[in-house]
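Single-structure report; data block below.
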Protein chains: 2
Amino acid sequence: MTSDDKPISAAASIPGQKATLHDVAERVGVSPRTVSRVVNDEGGFSSATRERVLNAINELGYRPNLLARSLITNRSNTVAFVVPVIDDPFFPEVAQGVQAAARDRGLTMFLAVTEGRLELQRQVLERMASHGIDGLILFPHAEDLDDVARFAGQGLPTVVIDDALDHPNVCVVRSDLEHGVSLAVDHLRERGRTSLAMLANEASPRRKLRRETTFRSMVPNGIVVKSPPTFEAGYRATAELLAREERFDGLFAFNDVMAAGAITAIIDSGRSVPGDISVVGCDDIEMSALLTPGLTTIRIDRERLGAEAVSRLIQLRDSVTAPPASTLTVSLVVRESS
Amino acid sequence: MTSDDKPISAAASIPGQKATLHDVAERVGVSPRTVSRVVNDEGGFSSATRERVLNAINELGYRPNLLARSLITNRSNTVAFVVPVIDDPFFPEVAQGVQAAARDRGLTMFLAVTEGRLELQRQVLERMASHGIDGLILFPHAEDLDDVARFAGQGLPTVVIDDALDHPNVCVVRSDLEHGVSLAVDHLRERGRTSLAMLANEASPRRKLRRETTFRSMVPNGIVVKSPPTFEAGYRATAELLAREERFDGLFAFNDVMAAGAITAIIDSGRSVPGDISVVGCDDIEMSALLTPGLTTIRIDRERLGAEAVSRLIQLRDSVTAPPASTLTVSLVVRESS
DNA sequence: TTGAAAGCGCTAACAT
DNA sequence: ATGTTAGCGCTTTCAA
């Protein structure tokens, strides 16, 4: 049964029996405390001791038990990242930024998806809190920040992305979407478009408001249609708009996924993009460059967004006062759809 | 400063001072052991006691400290999911499947990205192990499964996706890509295509082999070009192939992202899809339906793949012998690119 | 049905 | 430079 002819160890069933600090100490002939000092590089040991301890660690394949450490330090070095969905490529790309930044700072990332359901968000937060996460980064459920506020109130450092929450344990990181909308609208007008419509996100009151409100204020007579932020919904909403014979020659969509749906609907209706209608999206997900026509859009730097969130979270954790909200700039990427 | 006029609590700086099992016990007037029994529903308590304990838990907002529990039970109820990249939509979608399945079974998911770098994979696994994960699900680094084998050897239940590793602590979950290739090739031939080429993944010896080998055996005279599995690389490889004046009228790509690159390259060269060349991809990521022309592809059910991985992992953890490898069926989705 | 004691693996707060 | 004691919050074992 055993793969080679080594003597069968005492605990035959568990090959790699985990070594503890104690085991290392015993083997070297020092106290566990000394090993701990070396492991954490606290100083207070001779370099000879250090050497011997390090060797023993290698020989035994010792690996610190982070759970035990966390229990006493009250630091788990874990972060939770919570997103509503993951089939919109925007979120995974932010996740990548969060994970990379977290990893570089010695943090490990939990990822959870709430499917936009409030009760799932609550369950997820509950469980994350039980795991003793050091901090939380999330795109909060649009309707209700109460849960988030509750956990923050219990002392959980929290970074809220693209939403607002005034709380000493909460820091906000956002993209400058107001500016994004103005870039989009200005661009459409420069293209000679005079009747503008917006495909807004029905599911996201506060976040929507940022884009929708800006749009409304810039385009008082503009048409605003709300739909879920998916390809299919964007398609349907646009098709209905066209069927109603509403006149518009420029469309700004809440995100690229909806914009893609809109383009397809416009083309399916026998119109052309950008011949009849110019379309501008928001996010600049990878797909947007691959569409036909390529999608003109407002670019959000997701990696940076994720990294910024981690950085703010750490500031929040390590300081008494919450750092101010940070706002990341966005830019216009012009492709063929406008 | 305080937001309303509640009396300032004793511990002014820490509002939600975390309640422990002990606190609950004290408040109810029972021993911690009894509270523990109720929390874990072990039985051995009167329903009256149960009631009072539950009340106290609510009042104090008690939440079990999973770290402490794990330390003693040696179960953390966490799983690590490790992927090479995340900007290929295929992986996030599997991640969603893993996370949902994990959540439903009371597991929390760590997500890590290795960027296809072996040293990053090692670092990630090392850290995950320190966190005491109960299991690991990964798309392993293509060149080298040694690290994976090492951790499995130390007792870590591991599910390897789309690769092979023979080890009692490892279970393999894969898609039936051999069948997928044969579906693709048969389909291209039914479309009257006689000179077939394949865009293979240079970075993935073993996985590639599955698709590439099948292709070679079905199409002895076929052209096989290798490139990294990205849009740009797929574009470049295809452009070069066309520039070399190689004759082919049907193309099968390792994945949809490469196929999308190929289509763009073909169109940019002045040829048409599927007029001159039919293209078939693999994965059926969301984007594939949105391309122009819509991409014909081999569909892999990512959610199911993720769910299956979790399910196998749990079998692995809870049994002595590794469950057999499972293979998920794939199907052909015909769109306009062929 | 309940509780007391021990200890998971580690670090904090003292020793020396 | 090193060791000792205590205990993080919980479950386990054994006893009542």
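A, B, ... follow the sequence lines: proteins, then strands. Residue 1 opens every chain. Since the structure is predicted, the reported quantities are computational estimates derived from the model, not experimental observations.
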Salt-bridge criterion met for [X] and [Y] (N-O under 4.0 Å):
X	Y	value
A/Asp134	A/Arg105	no
B/Arg174	B/Asp162	no
A/Arg312	A/Glu308	yes

Output the rounded distance in Å from [atom1] ([X]) to [atom2] ([N]).
X	N	atom1	atom2	result
B/Leu71	D/dG9	CG	P	12 Å
A/His22	C/dT11	NE2	C1'	15 Å
A/Lys18	C/dC8	NZ	C1'	13 Å
A/Asn74	C/dC10	CG	P	18 Å
B/Arg69	D/dC10	CZ	P	8 Å
B/Ile57	D/dG9	CD1	C1'	14 Å
A/Glu42	C/dC10	CD	P	14 Å
B/Asn77	D/dC10	CG	P	15 Å

Exercise. Measure from the side-chain heavy atoms of A/Ser31 and tell me the nearest of C/dC10, C/dG3, D/dT4.
Key: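 Output: D/dT4.
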Quiz item: Nearest to the side chain of A/Ile72 - D/dG3, C/dT11, D/dC10?
Solution: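 Looking only at side-chain atoms, A/Ile72 lies closest to C/dT11.
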Quiz prompt | Any donor-acceptor N/O pair under 3.5 Å between D/dG3 base and A/Arg37 side chain | solution =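 Such a pair is found, so the answer is yes.
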Practice problem: May I ask you to verify if any side-chain N or O of B/Ser46 is less than 4.0 angstrom from the OP1 or OP2 atom of C/dT2? | Solution: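 Yes, because at least one side-chain N or O of B/Ser46 sits under 4.0 Å from OP1 or OP2 of C/dT2.
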Quiz item: C/dT11 phosphate, OP1 or OP2: any side-chain N/O from A/Ser36 under 4.0 angstrom?
Solution: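 Yes, because at least one side-chain N or O of A/Ser36 sits under 4.0 Å from OP1 or OP2 of C/dT11.
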Self-check item: Shortest non-hydrogen contact between A/Phe91 and A/Phe81, atoms and distance
Solution: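 Looking at all heavy atoms of both residues, the closest pair is O-CE2, 4.2 Å.
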Contact class for [X] (heavy atom, under 4.0 Å): base, sugar-phosphate, or nothing?
X	result
B/Arg33	base
A/Pro64	sugar-phosphate
B/Thr49	sugar-phosphate
B/Asn40	sugar-phosphate

Practice problem: Could you check A/Thr20 against B/Gly29 and say which one's nearest nucleotide on DNA chain C is further toward the 5' end? | Solution: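 Result of the comparison: B/Gly29.
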Practice problem: Would you kindly compare B/Gly43 and A/Leu66 by the position of their nearest DNA chain C nucleotide and give the one closer to the 5′ end? | Solution: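 On the 5' side of the pair lies B/Gly43.
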Quiz item: Picking from B/Val159, B/Val124, B/Leu125, what satisfies side-chain contact (heavy atoms from CB on, under 4.5 Å) with B/Leu136?
Solution: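 Only one option passes, and that is B/Leu125.
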